[in-house]
Amino acid sequence: MLEIVEVKAGYGHAKVLHGVSLKVGEGELVALLGSNGAGKSTLNNNISGIYKPFAGSIRFDGAEIAGVRSEEIVDRGLIQVPEGRRVFPNMSVRENLELGSYRRATPNRARNIDRVVEIFPRLKERFDQYAGTLSGGEQQMLAIGRGLMAEPRLLILDEPSLGLSPLLVEEMFALIQKLRAEGLAIFLVEQNVVQSLEVADRAYVMENGLITVEGPAQDLMHDEELRRSYLGM
Amino acid sequence: MDFLGISLPSYSLETVFGSAISGVFLGAIYALVALGLTLIYGVLHIINFAHGTLLMLAMYAVFFLWSVFGVDPYLAMLIVVPGGYLFGYALQRSVIGRTSHGRDEIILLTTLGVSIVLENFALFAFSANERNVQVPYDFDGIDLGVVYIVWPQIAALVGSLLITAALWCFMRFTDTGKAIRAVAKERQGARLMGINVEHIFAVSFGIGTACVAAAASLLAPTYAVFPQVGYLFVLIAFTVVVLGGMGSFVGALVGGLVIGVTEQIGRLYLGESLGLITISAIFILILLFRPTGLFGQRL
C-alpha cells in the first residue's frame with residue numbers, strides 16, 4: 001500500500017534521512033521506532049507532502065507521491081495525525097472535526113462526526129469548547145478523531161502517546177488496536193517501544209536517518225541484541 | 001469649561017450628542033477599512049502597508065465607473081467588490097507570496113513596495129487633482145433634531161454593519177471561512193488536513209481587498225478621490241485594528257465606532273486639526289488598561 005524506497009531527505013543542506021526503505025501493506029499495523037532526532041517526523045512530513053525528498057521514491061497504491069502537494073495526498077486517503085497534535089486551538093471541537101473532512105469524505109461529515117464521538121465520548125462532552133482549552137489527552141483524541149473524519153485508507157500516527165499519562169497511553173494503544181481490527185492500515189511512529197511492538201504486525205527501528213532493524217514485531221520483541229542495545233532490558 | 005489650562009468652548013448636550021452621532025457614521029467607514037486589515041493581519045500575520053493604496057485604487061474605480069459609464073457609486077459595489085477580491089487574490093499569489101519566501105519582514109516590505117508603485121502609478125495616470133463623484137442625493141437626509149444625517153452616511157453605517165455581519169457568518173459557517181481561521185493559528189495542522197495554505201492566504205488577501213473596495217463605494221459620494229486619499233483612512237484603520245484587538249472583527253467594528261465618536265467630539269472641542277489628538281489619547285488610554293486591545297485574545 002505504502003512503499004518507500006531509498007528516500008533521502010532533510011532541510012536545506014542538513015541531510016536527515018540517508019536512504020530509508022519501508023513498506024506498509026493493506027490492513028497492516030506497522031511501527032516505526034526510534035529515539036528523538038532519528039528522522040521519524042522528517043520521514044512523515046515527506047510522506048505527507050510537507051517537504052519534498054531529495055531522492056528516492058514514495059509510492060501509495062502504486063502511484064508516486066514524492067513531492068506531490070499535501071492536499072492531493074489527503075485526497076488519496078493518506079492521512080497523518082501529526083506529532084504535537086496540531087489541533088486548531090482557536091476553534092471548537094466540532095469545527096476541528098469538520099475540518100478533518102475539508103478535502104475528503106465531506107458528504108459523510110455528519111455521519112462520521114457521530115462515529116468519532118462514539119469512539120471518543122469525551123469529545124462529545126467538550127463539543128463546543130475551544131480545542132486549545134482541552135487537556136493533552138483530549139487534544140490527542142481530537143487529533144485522531146479529526147484524522148478519522150477524512151475516512152483514511154492509511155493513517156499515520158506520529159507519537160500519539162507523547163505526553164500522556166500511563167493510563168491514557170494504555171487507552172491510546174487499545175484504541176489503535178481497535179482501529180486496526182476494523183481493517184484500517186496504520187503506520188505508527190513511536191518512541192514507546194514495548195507497547196508499540198505489542199500491537200504492531202511488523203516494525204522498523206530507525207537510527208540516525210537509517211533503518212537498522214526490521215522484522216515481525218514478535219521477533220523484535222525477543223531479539224536479544226535489540227533488547228540490550230535499544231530497549232535497555 | 002477649562003481643561004489643563006486650555007479653555008474649551010462649552011456646548012449644549014444636544015450639540016455634543018449630535019457630534020457623537022456623526023462620529024458613529026464616520027466610525028463605520030473606519031471599521032470597514034480596518035476589517036480588511038485585521039483579517040489580513042489575523043491570517044498572514046503581516047501589516048498590509050498596501051491597504052490604503054488599494055482603497056485609493058478602488059475609489060478611482062468607483063469614480064471612473066461613475067464618470068465614464070454613469071454607474072451609481074453604490075451599484076458600483078457589484079463590480080468593485082468582486083474586482084477587489086480578484087485583484088487582491090492575484091496580488092498576493094503572484095507578487096507578495098512569491099517574493100516573501102515565507103519571511104514576514106519581507107512580506108511587510110513587499111506590501112510597502114507595492115503601495116509605492118501603485119500610488120505613483122495613480123499619480124502618473126490620474127494626476128494629483130481631487131475628483132468628486134456627484135450623486136443627486138448627496139445632501140438629502142433625515143433631521144434627527146440634534147444633527148442632520150445625509151443618506152450617504154446612513155448607507156455607510158448600514159453597509160459596514162451588514163458587511164461585518166456577513167464576514168463574521170462566512171468565517172463561522174463556511175468551510176473556507178473555517179479553513180481561514182485554521183490557517184491563522186495552525187498552518188502545519190491545516191496543511192495535513194488538505195488545506196492549501198497558499199490558496200487560503202490569497203483568499204484572505206482577496207477578502208481584505210474586497211472589504212476596502214466596499215468601503216470605497218460607501219466613501220465615494222462624500223469624499224474626494226486623489227492618489228494619497230488612502231492614508232487618510234488607513235492610518236486611522238491601523239489604530240482601530242490595534243485598539244480593537246489585532247485579528248478581531250468585532251474589535252474592528254467597535255474600535256472603528258469608538259475612534260469615530262472620539263474624533264468628532266475632539267474636533268468639536270479642540271478644532272479641526274488639534275481635535276485629531278483625541279484619537280491618540282483614547283488609543284493610549286485603552287491600551288494602558290487592555291494591552292491586547294478591546295477584543296484581543298490574551299497573548
Side-chain angles (χ1 to χ4, degrees), chain A residues 12 41 44-45 47-51 68-92 94-107 109 128 130-133 139 142-152 155-158, chain B residues 38-45 93 97-98 100-103 106 167-204 244-252 292-293 295-299:
Chain A
S41 293
N44 278 344
N45 287 333
I47 297 173
S48 286
I50 304 286
Y51 303 112
V68 167
R69 295 191 56 90
S70 48
E71 60 263 29
E72 285 170 42
I73 291 171
V74 168
D75 284 344
R76 290 164 194 258
L78 205 175
I79 310 293
Q80 185 191 153
V81 177
E83 182 186 347
R85 294 114 199 189
R86 297 200 176 269
V87 294
F88 307 121
N90 55 331
M91 304 176 80
S92 69
R94 175 207 299 271
E95 290 172 322
N96 267 271
L97 292 177
E98 285 169 347
L99 280 183
S101 53
Y102 178 78
R103 281 293 286 209
R104 209 177 128 83
T106 317
R109 182 172 284 178
D128 292 309
Y130 281 129
T133 66
Q139 285 190 13
L142 178 57
I144 295 177
R146 186 180 63 174
L148 292 175
M149 287 297 295
E151 298 181 0
L155 189 66
I156 300 180
L157 296 173
D158 197 342
Chain B
T38 210
L39 172 71
I40 291 172
Y41 174 79
V43 180
L44 286 93
H45 309 302
R93 204 89 208 238
R98 211 163 271 243
S100 72
H101 302 285
R103 290 175 54 186
I106 302 182
L167 195 56
W168 190 85
C169 290
F170 172 78
M171 296 295 278
R172 200 114 218 123
F173 301 120
T174 69
D175 266 20
T176 307
K178 287 174 198 163
I180 290 175
R181 285 160 57 214
V183 167
K185 287 281 177 193
E186 183 45 73
R187 289 180 194 178
Q188 180 101 334
R191 245 187 245 283
L192 290 173
M193 291 304 107
I195 295 170
N196 182 336
V197 173
E198 288 69 33
H199 170 69
I200 292 295
F201 280 169
V203 167
S204 309
M246 307 194 59
S248 161
F249 291 165
V250 182
T292 53
F295 292 88
Q297 287 166 343
R298 276 173 293 134
L299 296 175

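Labels below follow one simple rule: chain letters A, B, ... track the order of the sequence lines, proteins then strands, and each chain is numbered from 1. Just so we're clear, the structure is a prediction, and the values are computed from it rather than from any experiment.
Considering every non-hydrogen atom in both A:L99 and B:D175, the closest pair reads CD2-O, 4.1 Å. When all heavy atoms of A:Y102 and B:A179 are compared, the closest pair comes out as CE1-CB, 3.7 Å.
For the atom pair CG of B:L192 and CD of A:E71, the computed distance is 11.5 Å after rounding to the nearest 0.5 Å. Atom CZ of residue A:F88 and atom CE of residue B:M193 lie 6.5 Å apart, to the nearest 0.5 angstrom. Summarising the geometry, atom CD1 belonging to A:I50 is positioned 4.5 Å from atom CD belonging to B:Q188; distances are rounded to the nearest 0.5 Å.
For the pair B:E186/A:M91, no side-chain contact is recorded, criterion being any heavy-atom separation below 4.5 Å from C-beta on.
For A:R76, no part sits under 4.5 Å from any heavy atom of chain B, backbone or side chain.
If you tally non-hydrogen atom pairs under 4.5 Å between each of A:V74, A:I73, A:N96 and chain B, the highest count goes to A:V74. Between chain A and the residues B:A184, B:A190, B:A182, the most heavy-atom pairs under 4.5 angstrom are made by B:A182.
For the 3.5 Å distance criterion, the side chains of A:R69 and B:N196 qualify, holding a donor opposite an acceptor.
Using non-hydrogen atoms only and a strict 4.5 Å limit, the part of residues 77-85 of chain A facing chain B consists of A:Q80, A:P82.
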